[in-house]
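To keep things clear, I will list the structure first and then write my remarks on it.
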Amino acid sequence: MKKILGGLASGLLVLALAACGGKTGGALDEKKIVVGVTSGLHEQIMEKVKEVAAKDGVEVEIKAFSDFQMPNVALVEGEIDANSYQTIPFLETYKREHNADLTAVGETVLNPMGMYSKKVKDISEIKEGDKIGLPNDPTNCDRALHLFQSAGLIKLKDGIEGEATVLDIAENPRKLEFVELDAAQIAKQLDDLTAAAINTSYALKNNLNPGRDAIFLEQKESKHHNVIVVRTENKDDPVVQKLVKAYRSDEVKAFVEETFQGSVIPLW
């Protein structure tokens, strides 16, 4: 009886995992793909991609996540087939730290990181000892520090290998206090900070428009372009190529430009 019950439980577990959506091992279904995104702008854009892909015979199922880690976890574990939300440096860090066999298959948009404040209107107004917020994950911390350097607030050490941390600040003439916070929470903490570096997705979710509200904005030459990512074994699957084609279509480009008014920049 125990063996029968054990076998039944195992079978139910397999069925439950299969019901989650994506799969690992072998080629993907040519007519359906499950795509993970972070909620907000990436979800909005993927809804438009879904419309365009449907015209090419592909059903796109969208799964939205609330943080930057889970879409990669879900992809590795086979709960989804692709994701669209992260930059190349973020992907490379995740692959290195988790030994994940993931591959970028197409560039999408640039979401320029910006500095925002409820207390000052210009970088020049930041004074000695002020508190400056930045993300606490390695990739976005590095991105924020380079943003601060571009703004003239700090100077980083020469020859930094890998991602910079606050320990790599060589010059901090205003003796600023850097406060590392979860990226999703920084916008909600602005009242307690003089200024902070915030990713565009989280800025928009908190009614902050990069083009209108940022006191300093990352430039288009940034290396932090967003990409569509899949498991390496599926990088050449026809459904993946159709997803990339739908994303990089004229219809999606027009949607991004009209909807985000320069806050999100198409890369095609």
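Since the structure is predicted, the reported quantities are computational estimates derived from the model, not experimental observations. Just the heavy atoms: all of them, side chains too, but no hydrogens, waters or symmetry mates, feed the values below.
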How close do [X] and [Y] get, heavy atom to heavy atom, and via which atoms?
X	Y	value
I198	A203	CG2-N, 3.7 Å
G36	F65	CA-CE1, 3.9 Å
F68	A183	CE1-CB, 4.1 Å
R231	G78	NH1-CA, 3.7 Å
P210	L217	CB-CD1, 3.9 Å
A195	L190	C-CD2, 4.4 Å

Please say yes or no: joined through hydrophobic side-chain contacts below 4.5 Å, possibly via intermediate residues, are [X] and [Y] part of one cluster?
X	Y	value
L193	L208	yes
V35	L28	yes
L243	V52	yes
L267	F255	no
M46	V244	yes

Exercise. Please indicate whether K205 has more than 12 foreign heavy atoms, meaning atoms of other residues, nucleotides or ligands, lying under 6.0 Å from its NZ.
Key: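 More than 12 heavy atoms, drawn from other residues, nucleotides or ligands, come within 6.0 Å of this atom.
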Quiz item: Should we count NZ of K127 as having more than 12 external heavy atoms under 6.0 Å?
Solution: no
Exercise. Report the C-alpha separation of Y247 and E107 in whole Å, then their side-chain angles, then the decisive distance to 0.1 Å, and conclude whether the side chain to side chain contact (heavy atoms under 4.5 Å, CB included) test is met.
Key: CA-CA 9 Å; Y247 200 116; E107 288 190 338; over 6 Å; no
Self-check item: Pairs where residues 253-267 contributes a residue and the test side-chain hydrogen bond (donor to acceptor under 3.5 Å, both in side chains) is met, not counting sequence neighbours
Solution: N209-S263
Measure from the side-chain N and O atoms of [X] to the backbone N and O of [Y], and report whether any donor-acceptor pair falls under 3.5 Å.
X	Y	value
D56	A53	no
Q241	K235	yes
E77	L75	no
T108	N226	yes
K188	N206	no
N83	P71	yes
S39	A64	no

Are any non-hydrogen side-chain atoms of [X] and [Y] less than 4.5 angstrom apart?
X	Y	result
Y94	V229	no
V252	W268	yes
D130	R174	no
D192	K131	no
S117	E125	no
V240	I33	yes

Self-check item: Within residues 259-268 or reaching into it, pairs that qualify as salt bridge (charged side-chain N to carboxylate O under 4.0 Å, His left out) - sequence neighbours excluded
Solution: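 Listed once each, the pairs would be none.
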Quiz item: Any salt bridge (charged side-chain N to carboxylate O under 4.0 Å, His left out) pairs touching residues 132-145, not counting sequence neighbours?
Solution: R143-E218
Self-check item: For Y85, the option from I45, I228, N72, L41 that meets side-chain contact (heavy atoms from CB on, under 4.5 Å)
Solution: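 The residue from I45, I228, N72, L41 that satisfies side-chain contact (heavy atoms from CB on, under 4.5 Å) with Y85 turns out to be N72.
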Quiz prompt | Reference residue Y202; test side-chain contact (heavy atoms from CB on, under 4.5 Å); the match among T200, N199, L204 | solution = N199
Quiz item: Is E251 salt-bridged to K48, going by a charged N under 4.0 Å from an acidic O?
Solution: no
Listed partners of [X] passing side-chain hydrogen bond (donor to acceptor under 3.5 Å, both in side chains), at least two apart:
X	answer
H224	none
K95	none
S124	D122
D237	N234

Would you give the length of the straight line joining atom [atom1] of [X] to atom [atom2] of [Y], rounded to the nearest 0.5 angstrom?
X	Y	atom1	atom2	result
H225	N111	NE2	CG	10.5 Å
E233	L102	CD	CG	10.5 Å
E47	I62	CD	CD1	3.5 Å

Under the rule for salt bridge (Lys or Arg N to Asp or Glu O under 4.0 Å), what residues qualify as partners of [X], not counting sequence neighbours?
X	answer
D191	K118
D158	K155
K50	none
E163	R96

Quiz item: When you check the side-chain N and O atoms of T139 and T93, is any donor under 3.5 Å from an acceptor?
Solution: yes
Quiz item: Residues sharing I126's hydrophobic cluster, by side-chain heavy-atom contacts under 4.5 Å among ILVMFWY, directly or via others?
Solution: M113, M115, V120, I123, I132, L134, L145, L147, F148, L153, I154, L156, I160, V166, I169, L176, F178, I215, F216
